[in-house]
Amino acid sequence: MGDNARVASVLEEVADLLELKEDSFFQVRAYRRAAREISALTGDIRDLYVRGHLDQVPGVGKAIRDKVIEVLRTGELQYLKDLQNEFPAGLLQVMQVPDIGPKTAGRLYKELRVTNLQDLRAAAEQHRIRMLKGFGERTEYNILKGIRYLESRQGRMLLGYAYPRGKALEEHMRERGFDLVSLGGSLRRMKETIGDIDILVGSSEAERAMDTFVSYPLTAEVLLRGETKTSIRSQDGVQVDMRVVAPSSFGAALQYFTGSKEHNVKVRTLANELGYKVNEYGVFRSSDGEKVAGETEEDVYDALGMQWVPPEMREDRGEVELARKGQVPRAVTLSDICGDLHTHSEASDGVDTVEAMAAAAEALGYEYLAITDHSRSLTVGNGLSAERLLESMEHVRRVNEDRPGIHLLIGTEVEIDERGGLDYPPKLLEDLDIVVAAVHSRFKMAPEDMTERLVTAVSNENVNVLAHPTGRIIGEREGYSFDMERVMQAAKDNGVAMEVNAFPERLDLSDLHCAMARERGVAISINSDAHNVRQLDHMRYGVATAKRGWVPPEMVLNALPWEALRKHLDI
Ligand code: DGT
Ligand code: CA
Ligand code: CA
């Protein structure tokens, strides 16, 4: 977590506890406002603090300012700890359940003596919650769903959080002379959430490698220091395991520590059948113990008569069998991507100008970029009125002419209303190069109604892409319930692409839904949904997700070169 996010989350937690305590409404609101303003800052709050400019942040008065400073200095806040001590610790967990805010938690505590998650589950299962005034069967059901969700996410971080941190550590080792370095584990497989970061080094200087690792400037604590494995916790709370092996075993160790465990079990079973033994040191012939491979991963798979398998595909979903037949399908990679079809500019809730977004996309080597700002109903996203959209259209076309290096498309991320209608008149949508349709409201419709809503939207002749189709936010809210099968079929029938939204919190479609789309021949579009130039880099997470679903480049809309895309969109 960066400083802004950390400070905001501490203030947000203070607000929650004050609300639970039924403290003054104004106090609660003041903390929430400060948290919001701080997380919306474009610069780093620590810089403001160092330069004595904290008072420039809207909503940060004297009392809150002192608390912000304490968090920046010590990483903690005594006031928050005191508040936490006023309640059972379990109650704080109850508030982590999606849909349970401080008010609800407070009532459950007072009226049902719910003090932790176990109590909450019992109360829901015994149907005691629906007896409370204002609570129903549906709330009870949602609470149970929320508990399961919370349990499945506990202690894991988002891929987009772990990846830059893992890469930075890898770089730290490289810069100090260790050339054989790789990420391993779930991070190398690019799973949507990561338990801990694994790094592997091949070197004959294990001692120096360990010293170099623990000297990483962001190390907060050394959890374990051994001869082959060392674990640290970094200042941002991430656990990193590093292992060192001899260079001659690097490939075997990389194969072993990349996992998944299920994939490895399959590989080892196969090896045994063929008369080999595989471990983190190499592939050994069972008959005489002779080592036949180990230096590279390719050698390891090759020795077992298998094709090398991309890490993203090592989940035991049939890849081992295919590798044995030399038929591992080619899945999309970052270099297949020719452009980004869902991004925002400062016209709606983005931060950067169209010019800056275009320059950044060009620097990434893209052939094209679509600017798709929000539509008028999304007021929280500063959605564009029809007039503003027309202005934006002109502007994008002008920038396009000034920039021969990239093709700019003008589009919209248009709201889908509760009946599946769109937020702009058809005539306006027709004039756009691309229409990305999205649901941002009324998430809790009956599943049949939500299916109808989405089917109607993708059947609209002006729609090209269905944005983040399930609406899930990893760790916060499950997607809305609907019949994915029917929506995919409708998308296919209407030539609409399902999005893989590459935002780390979304990754929506997920890898499993990508596999489902692939099996059904539904096109997908992998988009960053960037709200600033840096977020264009999120593309890699979306691509990895599609790769985990074995999606071939031919099924990816934005793997089409410009001329082909243009033909497809009829522009
Ligand atoms: P995570 O950290 O929970 O996101 O998931 P992973 O896959 O990174 O798991 P982790 O960190 O416990 O271990 C890293 C890799 O090491 C794992 O993918 C496969 C390998 N590994 C760990 N423990 C075992 C084990 O007991 N048996 C086998 N075959 N492999 C293991
Ligand atoms: Ca791991
Ligand atoms: Ca680990």
Side-chain angles (χ1 to χ4, degrees), residues 149-170 173 180-202 213 216 219 221-224 226-234 236-245 249-273 276-284 293-294 297 300-301 303-304 306 308-317 319-320 323 474-475 504-505 507 510-512 541 544-545 547-548:
Y149 195 61
L150 197 63
E151 285 172 347
S152 72
R153 293 297 173 208
Q154 212 101 81
R156 300 184 67 82
M157 60 197 138
L158 296 175
L159 172 61
Y161 188 74
Y163 185 84
R165 288 167 172 78
K167 279 288 167 192
L169 254 163
E170 195 186 323
M173 297 305 292
L180 277 182
V181 189
S182 174
L183 297 176
S186 53
L187 186 50
R188 184 163 180 241
R189 304 197 312 279
M190 301 290 271
K191 264 184 80 163
E192 64 191 33
T193 63
I194 307 295
D196 65 5
I197 297 177
D198 298 283
I199 294 190
L200 181 70
V201 173
F213 179 57
Y216 185 56
T219 303
E221 189 184 353
V222 179
L223 303 170
L224 179 148
E227 274 172 33
T228 60
K229 177 179 170 180
T230 291
S231 301
I232 62 159
R233 184 162 46 239
S234 74
D236 34 25
V238 179
Q239 185 180 328
V240 188
D241 293 345
M242 189 185 75
R243 294 178 181 82
V244 185
V245 296
S249 291
F250 186 71
L254 187 55
Q255 199 284 326
Y256 184 91
F257 291 115
T258 296
S260 68
K261 218 184 272 183
E262 293 74 15
H263 172 88
N264 287 354
V265 167
K266 261 282 164 64
V267 170
R268 265 182 317 216
T269 312
L270 173 66
N272 289 342
E273 285 166 16
Y276 293 103
K277 205 175 133 256
V278 181
N279 59 27
E280 59 267 52
Y281 302 107
V283 180
F284 302 86
E297 263 195 341
V300 169
Y301 283 101
L304 302 173
M306 286 172 70
W308 179 82
V309 181
E312 293 88 343
M313 297 169 73
R314 299 185 195 170
E315 297 290 347
D316 188 24
R317 292 178 186 155
E319 75 282 1
V320 175
I474 299 174
E505 289 83 350
L507 295 180
S510 67
D511 55 354
L512 291 175
Y541 308 126
T545 301
K547 192 168 187 181
R548 289 175 56 83

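Scope of the values below: all heavy atoms of this structure, side chains included, with no hydrogens, waters or symmetry mates. Indexing begins at 1, ligand by ligand and atom by atom, following the structure's order. The model shown is predicted, which means the values in this text are computed figures rather than measured ones.
The shortest N or O to N or O distance between I194 and ligand 1 is not under 3.5 Å. Checked by distance only, ligand 1 and N264 stay at 3.5 Å or farther apart across all their nitrogen or oxygen atoms. Residue contacts with ligand 1: S260 is placed with no nitrogen or oxygen under 3.5 Å of a nitrogen or oxygen of the ligand (distance criterion only). Residue contacts with ligand 1: R268 is placed with a nitrogen or oxygen under 3.5 Å of a nitrogen or oxygen of the ligand (distance criterion only).
Side-chain contact check for Q255 versus W308: every heavy-atom pair is 4.5 Å or farther apart. Side-chain contact between F250 and L200 is present, with heavy atoms from C-beta onward closer than 4.5 Å.
For the side-chain contact (heavy atoms from CB on, under 4.5 Å) with R548, the qualifying choice from K191, E192, M313 is K191, the only one to do so.
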**Item:** Test log, rule salt bridge (Lys or Arg N to Asp or Glu O under 4.0 Å), inputs R189 and E319
**Value:** CA-CA 14 Å; R189 304 197 312 279; E319 75 282 1; over 6 Å; no

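Short contacts between ligand 1 and G185, defined as distances under 4.0 Å to a heavy atom of the residue, involve ligand atoms 8 (O). Near R156, the atoms of ligand 1 lying under 4.0 angstrom from a non-hydrogen atom of the residue are 1 (P), 3 (O), 4 (O). Listed by atom number, the atoms of ligand 1 under 4.0 Å from G195 heavy atoms are 1 (P), 2 (O), 3 (O), 4 (O).
A side-chain donor-acceptor contact under 3.5 Å links R156 to the backbone of T193. In this structure, the side chain of T228 does not engage the main chain of R243 through any donor-acceptor pair within 3.5 Å. Proximity of a side-chain donor or acceptor of R233 to a complementary backbone N or O of L223 within less than 3.5 Å is not detected.
At a heavy-atom distance under 4.0 Å, atoms from both the backbone and the side chain of D196 approach ligand 1. Using a 4.0 Å cut-off between heavy atoms, T258 contacts ligand 1 through its backbone alone, with no side-chain atom that close.
Not close to ligand 1: V265, with no non-hydrogen atom less than 4.0 angstrom away.
In terms of distance to the Ca ion (ligand 2), the nearest N, O or S atom of D198 is named OD2.
Across the listed options R314, R189, K191, R189 owns the non-hydrogen atom lying nearest to atom 7 (O) of ligand 1.
Salt bridge status for K229 with E280: absent, with no side-chain N to carboxylate O gap under 4.0 Å.
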